[in-house]
Amino acid sequence: MSEATAFPQHIIARKRDGHELGAAEIRAFVRGATDGSWADYQLSALLMAIFLRGMTSAERVALTEAMMRSGAVADLSAVPGVKVDKHSTGGVGDKVSLPLAAMVAACGVPVPMISGRGLGHTGGTLDKLESIPGFRVGLSLAEYAAQVGRVGCALIGQTKDLAPADKKLYALRDVTATVECLPLICASIMSKKMAEGIDALVLDVKVGHGAFMKTLPEARALASAMCEIGNAMGRPTRALITRMDQPLGRAVGNAVEVAESVACLRGEPGAEDLMEVTYALGAEMLVLAKAAKDEKDARARLAEVIANGAALEKFRQIVAAQGGDPRVCDDPSGVLPRAAHVVEVRAARAGVIGGVDAMAVALAALKMGAGRVRAEDAVDHAVGFTRLAKVGERVAAGDVLGVVHASAAEQAAEARAALESAFTLADAAPEALPLVVERV
Ligand code: URA
C-alpha cells in the first residue's frame with residue numbers, strides 16, 4: 001500500500017488481523033502521531049493492536065527509524081572518533097552514568113549522553129546531576145554537539161525536538177495499558193538513543209526485584225531486541241544484563257549519589273559493585289570505539305584514568321562546562337545540598353546481610369521526595385540513604401546498616417522504619433551471585 005492511500009483504519013485493521021506492517025505504513029502511523037493527522041483513538045487502537053499482535057524485527061526497526069526521524073537528529077559528524085553512549089533500563093542507586101561517562105571520555109572516547117529523569121521507582125541521571133548547584137541539563141542540541149567536541153562529553157536531558165513521536169505515543173501508552181510491550185519499549189528507547197548522533201551503544205539491562213524486568217528471559221528478550229535494532233541501524237550495540245536485587249553502591253538519592261560517584265572517581269573504596277558494573281560497561285564502550293584492543297586492555301585503561309586523576313578531572317570539566325560548581329570534585333559535602341535530619345539505622349543483632357530489598361529502599365527514598373510521584377512534583381535533592389550495608393557483609397549487633405537523610409524529623413522516622421525492614425539478616429552468607437549475568 002502506498003503512503004498516500006494508507007488510511008489509519010486500514011493500517012489498524014491489518015495489524016489487528018495479525019499482518020506484518022510495511023515500513024510505509026509504520027511511517028504513516030508515526031507521522032500521524034507527530035503532526036496530529038491521526039486522532040488519539042486511532043493511535044491508541046494501533047498501539048493496542050501492536051500490544052496484542054507484536055511486531056517482527058523488520059517492523060521494530062522501521063518503527064524505531066520512523067520515530068527517530070520524527071524530529072531532529074543530532075549531528076556529531078564534526079567530532080572525531082567513535083561516539084559511544086550507554087543506556088540503562090533503570091535501577092536503584094544506579095549512578096553508573098556519572099563515573100562511567102567521565103572515565104570513558106578521559107580515555108579519549110567521546111560520550112554524548114542524553115539521559116532521563118527518574119521513572120517509577122528508579123532514579124534518573126538528570127535529577128542527580130541537578131543536585132550540583134548551577135548544573136544545566138537543558139542544553140540545546142547545538143550546545144550539546146559543541147561540548148562533546150570541546151570536552152569529550154555532555155550529559156543532557158531530552159530536548160523537545162528529539163523524537164517527538166515518542167512523547168506523544170508514550171503519553172498515550174501510559175493511559176491505554178500499552179506501556180509493557182516489548183516492541184514499543186524498544187522503539188521508544190532506541191529512537192531517542194539513535195537521535196543522539198552516536199556511532200555505537202552499550203546497554204545495561206537490569207534484572208531483578210529492583211528492575212523493571214524481573215526475570216532473566218524478559219531481560220534477555222529486551223536486550224536482544226534492542227541490540228538487533230541498533231545493529232540493523234548501523235550502530236553496533238552490545239548489552240550486559242546486570243543484577244538489580246539490592247541497590248547499586250551504598251547511596252540512594254540524588255546529592256548522595258553524586259557524592260558517591262565523586263568518591264569512586266577519586267579511587268576511594270566502598271562501592272565495589274558499582275565499579276564492577278562501571279568497568280564492565282566501560283570496557284564494552286572502549287572496545288566498540290576501537291580505543292582498546294580487548295576487554296583486558298580496556299579495563300587497564302579505565303583503571304589508569306582513575307589512578308592518575310584524569311577521570312576526576314574530566315568530570316570537573318563536564319560540571320564546569322554545564323555551569324555546575326566544579327568544587328563538587330574536591331569537597332562534595334561542602335557543595336551539595338545536605339538534609340537537616342541524619343539518622344542511623346543499626347543492626348538489632350549479629351548476622352550476615354542476607355538481602356536488601358532494592359524496591360523497598362527505592363520506594364522509601366521516593367516517599368521522602370528523592371523522586372516524583374506525579375510528573376509536576378519537585379525533587380528534594382538532599383534526601384536519601386547512605387552507608388547501606390551490602391549483601392554478604394557480616395555485622396555485629398549495633399553496627400550501622402544504613403543512614404537516613406531526611407528533611408523533617410517525622411519523615412526521618414518513617415524512612416528509618418522502612419529501611420530497617422528492607423534488610424534481611426541471616427545466619428550464614430547467601431550464595432554470591434555474579435553481578436554481570438550475561439552479555440548479549
Ligand atoms: N523508557 C522509555 O524511554 N520508553 C519506554 O517505553 C520504557 C522505558
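Whatever order the structure lists ligands and atoms in, that order sets their numbers, starting from 1.
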* To do: Output the distance between atom NZ (Lys192) and atom NZ (Lys167), rounded to the nearest 0.5 Å.
  => 11.0 Å
* Asked: What's the spacing between Met244 CE and Lys206 NZ if we round to 0.5 Å?
  -> 4.5 Å
* Heteroatom distance test (Asp166, ligand 1): nitrogen or oxygen, under 3.5 angstrom -> no
* **Gln411 and Ser407: CA distance, side-chain angles, deciding distance, side-chain hydrogen bond (donor to acceptor under 3.5 Å, both in side chains) verdict** => CA-CA 7 Å; Gln411 185 188 72; Ser407 59; 3.1 Å; yes
* Structure fact -> closest protein heavy atom to atom 1 (N) of ligand 1 is Ile189 CG1, 3.8 Å
* Structure fact -> Nearest non-hydrogen protein atom to atom 8 (C) of ligand 1, with distance, is Leu119 CD2, 4.0 Å
* In this structure, which one of Leu388, Asp357, Val356 forms a side chain to side chain contact (heavy atoms under 4.5 Å, CB included) with Gln246? -> Val356
* Asked: Which residue, Val207, Val205, Leu203, forms the side chain to side chain contact (heavy atoms under 4.5 Å, CB included) with Leu222?
  -> Val205
Please identify which atoms of ligand 1 are closer than 4.0 Å to at least one heavy atom of [X].
{"X": "Ile185", "result": "6 (O), 7 (C)"}
{"X": "Ser188", "result": "2 (C), 3 (O), 4 (N), 5 (C), 6 (O)"}
{"X": "Lys192", "result": "2 (C), 3 (O)"}

* Between Asp166 and Ser188, is any side-chain donor less than 3.5 angstrom from a side-chain acceptor? -> yes
* Asked: For ligand 1, is Tyr170 a contact, meaning one of its heavy atoms is under 4.0 Å away?
  -> yes
